[in-house]
Each structure stands twice: as C-alpha cells, then as structure tokens.
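Let me begin by presenting the structure, written as structure tokens, before commenting on it.
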Amino acid sequence: MFVGLRDLRYAWGRFVLMGSVIALVAVLTVLLTGLSTGLVNSGISGLRAMPLTHLAFEPKTNSTFSQSTLDAATIRSLDRQSGVHAEPLGLTLFNAKDAAGTSFSIALAGMEPGGFMAKGVAGGSGIGRTPTGVIISQGIAADGVHVGDRIRLDRAGVTLQVTGIAPTATYGHVDLVYAPIALWRQATYGQVTGGTLPPSAQGLASAAALQVRPGVDVAAIGSRLGADIVTKQQAYAGSPGYAAETATMSLIIDFLYVIAALIVGAFFTVWTIQRKADIGLLKALGASNRAVLRDALGQVALVMVVATGIGALVGSGIGSLIPGGKVPFALQSGAVVTAAVILAVAGMAGSLVAVRRITAIDPIIALGAAA
Amino acid sequence: MNAKEITTDAKTARGGLCMEHLCLRYGDGDEEIVALDDVSLAVGAGELVAVAGASGSGKSSLLAVAGAMRRPDSGSVTIGGVDMTEGPAKKRGAMRHDLIGFVFQGSSLFASLTALEQLELVGRIGGAPRAATRSKALALLDEVGLAAKAGRRPGQLSGGERQRVGIARALMAEPAALLVDEPTSALDHQRATDIVTLLRDETRRHQIATLMVTHDLSVARLADRVIEMRDGRLIATNAPPAR
C-alpha cells in the first residue's frame with residue numbers, strides 16, 4: 001500500500017467526501033438497526049423473557065395466542081410426556097382504565113401460581129397471592145400506575161389490583177400484566193357475562209408453556225396429542241405485526257448495504273479511471289497486477305473500515321440520545337458491529353467492479369502516445 | 001533458472017541492448033500500419049544512442065518493444081544476453097523491473113509521492129530492504145543534484161527537476177538498459193541540454209546501455225550516436241558532431 005497510503009494523504013479531500021457518504025450510510029444503518037432491534041423487543045420481549053423452550057398451540061392457528069385455545073386435558077397430557085414440563089399460558093390483549101379513567105392497552109398473561117412460569121417472570125412468586133392481584137411491567141408503572149392501584153378491564157368487567165412491578169416486558173408492542181391463570185380465564189372468557197366464568201371455560205388456556213429437555217421429539221408429541229408445538233423463537237412470528245415489521249426493517253437495511261456497495265463501486269471506478277496513468281506507470285516500473293490490486297483494494301478497505309467505524313460510533317451516539325419508552329429503539333453492540341462489518345464488506349464487494357479495469361490497464365500507456 | 005537469477009546474470013554481464021530484425025504491425029488489411037520494419041540496433045554498455053524522428057515514425061513502438069511492453073511480430077530483444085520477448089507478462093514485468101530503467105515523457109511522477117518516495121517505490125516493487133532502499137535513493141538524488149529537495153512533491157519542483165527525479169528513479173534498480181522517451185519535450189533549450197548531458201553522464205558512470213527517443217535534434221546531437229527513424233525504419237546512422 002505504498003502508493004495507496006500516500007494517495008490517501010495527498011488527495012485527502014476526495015477521500016473525506018467519499019468516507020463521509022459511507023459514514024452517513026453507516027449512521028443510517030446503525031439507527032435503523034436500533035429501530036429494528038427496538039421493534040423486535042417491543043414485539044416479543046415479554047415472550048423472550050419467559051422461562052420456556054417451546055409453546056404448544058391449537059393446530060392451524062399460526063402460533064398466535066389470540067387464535068389458539070388449549071383445554072386442560074391436552075395440557076395435562078403434554079405435562080405427562082417424558083422430558084416435557086407443561087403449564088397453561090393465557091395471553092390476551094385488553095383495553096384497561098386506571099383509577100383516574102385513563103385508558104391504556106395491556107397484554108394480560110395468565111399463568112399458574114407457583115409454577116415455573118410464575119417463578120421465572122415477574123420476579124418471583126408474587127402471582128396468585130390474592131385472587132385479583134397482578135404484577136405490572138415497568139412500562140405501565142412509568143405511566144403512573146403504582147402498587148395498590150386498581151385497573152379495570154373494559155367490557156370484561158374485571159378489576160385487577162396491582163401487587164408488584166416487574167421489569168419492562170411487552171408483547172405485540174403492548175405492556176404485559178402478569179395474572180393468575182384463573183383471573184385471566186375470568187377476564188378472557190367471562191367478557192360476555194360481565195366477568196363470570198362459564199363452566200365450559202374451566203381449564204382453558206391460549207397455549208401451553210413447555211420446558212422440553214434436549215432430544216425430545218416434540219413434533220411427534222404434538223402430532224399425537226393434537227397440538228402444534230413450536231420453539232420459542234418460532235412463536236415470535238405469532239406476535240401481532242412481528243413478521244411484517246422485521247421483514248420491512250430488514251429490507252430497508254439490506255437496501256442500505258446495496259447502496260453502500262453501489263456508492264463505493266462507482267467512486268472506485270471513477271477513481272481508477274482517473275488513476276489510469278499512475279496504474280500504467282506502476283506496471284511499467286515492474287509492479288505486478290497482484291501488487292497493484294493489493295495497493296488499490298487496501299486503500300478502499302482502509303477508507304471503508306475507518307468511515308464505517310466513525311459512522312457506527314456517531315450512529316450509536318445519536319441512538320443514545322433517543323428517549324427510551326416512546327420510540328422503540330434499542331442498540332445492541334453485537335447488532336451494531338454485525339451491521340458495520342456487513343457494510344464494510346458490501347463496500348469492498350462494490351469496489352471489485354473496478355478490479356478488471358485495473359488488471360486490464362496496459363503499462364504501455366506510460367509511454368505517452370505509444371503505439 | 002528463475003527470472004531473478006537470469007536478470008542478475010544479465011546485469012553482471014553488462015552486455016548492452018541488442019535488437020535484431022524487429023517487425024511490428026498494427027491492424028490488418030488496408031488498415032495495417034507497419035510500426036517497425038526490420039529494425040536492428042545495438043546499444044553498448046556506457047553508450048547513449050538517440051533515435052530521432054517525427055511523430056508516427058515508430059520511435060515509441062521501438063521503446064515499447066525494447067522495454068518488453070509489446071511483443072514484436074518477429075525479431076528479438078536481448079539485454080545482457082537475456083531475451084526480453086519470452087515468457088508471460090508477469091515474468092517480463094519482473095525482468096523489466098530488474099533490467100530496464102524508464103525515463104518517461106514529462107517525467108511521469110506520482111503526484112502524491114515526494115522525490116525520495118518516487119525512488120523508494122522502485123525498491124519496494126523489487127522487494128528491497130527499506131533501509132538500503134532509502135540510502136540508495138538519497139545517494140541517487142544527490143547524484144542528480146536534488147538531495148536538498150528530497151521531501152518535495154512533483155508540484156513543488158520545476159520541469160527540469162522533475163525530469164532529474166525521473167532519471168534518478170530509472171537508475172534505482174541498477175538497470176542494464178535505460179529507455180528514455182522524449183525527456184526534453186516540456187523544457188526550454190538550456191534545461192533540455194542539461195538533462196541530456198546528465199543522461200549521458202549517468203549512462204557512462206553506471207555503464208548502462210541508453211536508448212533515447214526524441215524529436216529534438218538539437219539535444220539528440222549530445223548523444224554518442226544519432227539514428228534517424230522514418231516510417232518504422234532506421235534510415236541513417238550518424239556519429240554525433242564532434243564535441
């Protein structure tokens with residue numbers, strides 16, 4: 001990189017311009033990565049935090065809690081399978097009102113008091129201490145709901161009493177409220193009767209939370225017992241809007257990678273055309289194609305790494321200023337580094353379009369008007 | 001023997017530059033242009049030969065073939081007995097680096113490199129150790145009178161100084177032959193005379209076979225021999241006027 005490094009120093013202005021464009025793309029990529037991560041968190045952070053490996057849904061319901069209902073017999077059968085621990089899990093979205101009459105949405109998660117789910121979430125065994133007691137996630141508490149407050153579920157005619165606060169957790173962009181499964185059933189299936197649970201709803205749940213030992217054939221169990229068993233990660237797709245949101249964000253980020261490759265490719269091609277005489281001269285002085293390419297591509301790699309690094313840092317800085325809570329934004333160092341590396345690689349890939357142009361340059365052009 | 005051993009032997013032999021029955025044509029049919037028509041020329045070690053001629057006479061083609069940049073349709077080019085027309089482009093590139101020094105029209109320096117770095121680059125291409133390359137480059141710049149301007153870039157040097165850097169760079173790989181393309185095209189008469197005098201002195205000091213093409217007869221006369229080229233042929237061989 002003898003000439004490449006000195007070109008960077010000498011023609012720093014044009015490289016700063018090019019690097020600035022790449023850095024801006026990197027800033028945008030980091031911010032979109034943060035938004036994407038934030039949206040994912042907002043969609044499934046509650047589900048992700050649950051201490052389960054698999055979920056069993058009613059067949060043909062696309063792993064969607066709102067469409068699925070499992071009865072007590074199926075859940076018990078699942079629990080009796082070797083290597084499987086199953087508990088009922090209810091999850092329903094409600095409109096709620098606090099004591100002041102302010103409306104807000106909640107995702108009411110019902111779970112067995114004292115079970116592995118109740119112990120694993122909400123910071124311990126607070127669920128079920130009282131029949132109407134619930135634990136709200138931090139997001140609701142941040143809006144002014146406190147321990148001891150009452151929350152009324154519209155239409156269901158059920159009143160919940162806040163007994164504790166758990167870390168922030170959401171499902172389908174709505175804050176979670178953890179409740180005893182009996183209270184969840186009363187709220188979910190007693191809506192028509194004003195909170196009274198009909199006998200037919202006894203033992204029902206949206207799904208079964210499973211803890212499955214490695215190596216257990218869950219597909220065979222599900223097929224035998226009439227349940228659709230999916231991994232926790234597969235169940236994310238059932239979150240409202242999750243698949244569409246992640247696909248949209250991924251598409252935007254992928255476009256940025258393509259744009260970066262096109263920008264670098266175009267710049268490097270123009271730069272190569274401008275340097276044609278220098279490259280011919282290098283070859284006339286005896287430099288091999290390999291040496292000339294190493295010099296040129298090393299120059300691009302350096303610009304890409306520095307510009308992407310600066311862009312990622314600036315993007316992370318801007319991201320840290322975005323207020324939490326209102327905007328679904330979350331920066332994870334792993335995601336930022338991955339995005340920056342892909343961006344740098346995309347830029348390098350773009351620069352490869354000029355490789356053939358470089359190798360095709362004839363050293364004879366160094367002889368001015370040579371034949 | 002590999003290319004490095006061949007070129008080392010050729011340098012040791014210092015047998016000069018020998019071109020025999022070179023023919024080179026471009027295009028075909030009615031479009032065919034004869035660039036070199038049975039050209040034979042020998043340049044001895046320590047000798048400066050000037051080839052003068054008008055534009056399109058074949059001077060640049062002669063340099064391209066002599067410099068292993070273009071393969072002739074027939075004929076041979078040898079430097080110290082090494083055939084420069086044989087082998088793949090990579091091998092010819094390595095032999096070009098080791099055996100031939102080029103001084104290009106308008107000096108052809110890299111805008112981003114200082115005078116010292118222009119010379120160091122040649123050492124880097126050849127894989128020479130950095131310290132040795134630097135001291136040799138400084139010595140050569142001193143030889144052409146530019147030691148004090150080693151840190152300047154081409155834009156900070158005059159036309160004559162740039163051409164001196166070009167000459168010093170051509171000498172970096174201790175070539176057996178020096179090929180010089182219109183070295184005075186952008187210089188006034190006095191500077192042109194100085195440059196060709198320097199070339200002649202360096203040719204003798206380093207015992208190099210130097211072939212210079214030029215359209216400027218006034219400086220061509222400073223060479224040991226002047227050959228006129230017309231339509232791809234060497235049509236006259238004259239000793240230079242007595243100096």
Side-chain angles (χ1 to χ4, degrees), chain A residues 1-19 268 270-300 302-303 355-371, chain B residues 24-26 33 35-36 55-56 58-65 67-70 89-102 104-114 117-118 120-127 130 153 155 166 169-170 172-173 175 179 181-182 185 213 232:
Chain A
M1 272 190 68
F2 189 82
V3 177
L5 281 175
R6 284 155 183 82
D7 276 349
L8 283 174
R9 190 180 59 192
Y10 179 72
W12 62 270
R14 73 181 76 182
F15 285 105
V16 164
L17 276 176
M18 191 261 190
F268 195 51
V270 172
W271 179 233
T272 301
I273 292 167
Q274 287 182 339
R275 289 186 67 221
K276 194 174 173 186
D278 278 359
I279 293 168
L281 180 58
L282 268 174
K283 291 186 181 182
L285 292 174
S288 63
N289 265 331
R290 194 174 168 183
V292 175
L293 279 176
R294 196 169 51 227
D295 195 80
L297 294 179
Q299 190 182 58
V300 178
L302 192 61
V303 172
V355 165
R356 187 171 159 69
R357 203 175 278 274
I358 289 173
T359 55
I361 291 174
D362 193 333
I364 205 165
I365 64 169
L367 287 177
Chain B
L24 182 67
R25 290 177 174 81
Y26 299 115
I33 296 168
L36 297 177
S55 293
K59 304 191 302 293
S60 292
S61 293
L62 183 65
L63 276 190
V65 172
M69 290 180 182
R70 191 65 92 217
K90 189 178 176 184
K91 182 185 173 191
R92 283 185 285 123
M95 290 197 298
R96 186 163 61 235
H97 173 270
D98 289 346
L99 289 178
I100 303 171
F102 282 97
F104 299 101
Q105 190 172 357
S107 75
S108 286
L109 301 178
F110 294 92
S112 62
L113 306 188
T114 64
E117 288 166 345
Q118 308 278 350
E120 286 182 314
L121 171 64
V122 178
R124 292 294 183 91
I125 290 171
R130 289 184 187 193
R153 293 202 178 96
R169 180 178 67 185
M172 262 303 280
L179 302 178
D181 183 21
E182 301 281 8
S185 60
V213 302

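- Among the candidates B:Lys59, B:Glu117, B:Arg124, the residue making the largest number of heavy-atom pairs closer than 4.5 Å to chain A is B:Glu117.
- Neither the backbone nor the side chain of A:Arg275 comes within contact range of chain B, judged by heavy atoms closer than 4.5 Å.
- Per-residue heavy-atom pair counts under 4.5 Å with chain B were compared for A:Leu282, A:Leu8, A:Val3, A:Asp362, and the maximum is reached by A:Leu282.
- How far CG of A:Asp7 is from CG of B:Leu113: 7.0 Å, rounded to the nearest 0.5 Å.
- Heavy-atom minimum distance, A:Ile364 versus B:Ala64: CD1-CB, 3.4 Å.
- With rounding to the nearest 0.5 angstrom, the CZ atom of B:Arg96 is 9.5 Å from the NZ atom of A:Lys283.
- Between B:Glu120 and A:Phe2 there is a side-chain heavy-atom pair separated by less than 4.5 Å.
- Under a cut-off of 6.0 angstrom, the local environment of CZ in A:Arg356 is sparse, with at most 12 non-hydrogen atoms contributed by other residues, nucleotides or ligands.
- Rounding to the nearest 0.5 angstrom, the gap separating the CG atom in A:Leu5 from the OG atom in B:Ser112 is 10.0 Å.
- Here the shortest heavy-atom pairing between B:Phe104 and A:Ala284 reads CZ-CB, 3.8 Å.
- Of the inter-residue distances, the one linking A:Leu285 atom CG with B:Ile100 atom CD1 reads 11.5 Å to the nearest 0.5 angstrom.
- Residue contact with chain A, scored on non-hydrogen atoms closer than 4.5 Å, is absent for B:Ala68.
- For B:Arg153, the part lying near chain A is the side chain, with the backbone staying farther off; criterion is any non-hydrogen pair under 4.5 Å.
- Looking at A:Ala287, the atoms closer than 4.5 Å to chain B (heavy atoms on both sides) sit in the backbone and in the side chain alike.
- Of the atoms belonging to B:Glu182, not a single heavy atom falls under 4.5 Å from chain A.
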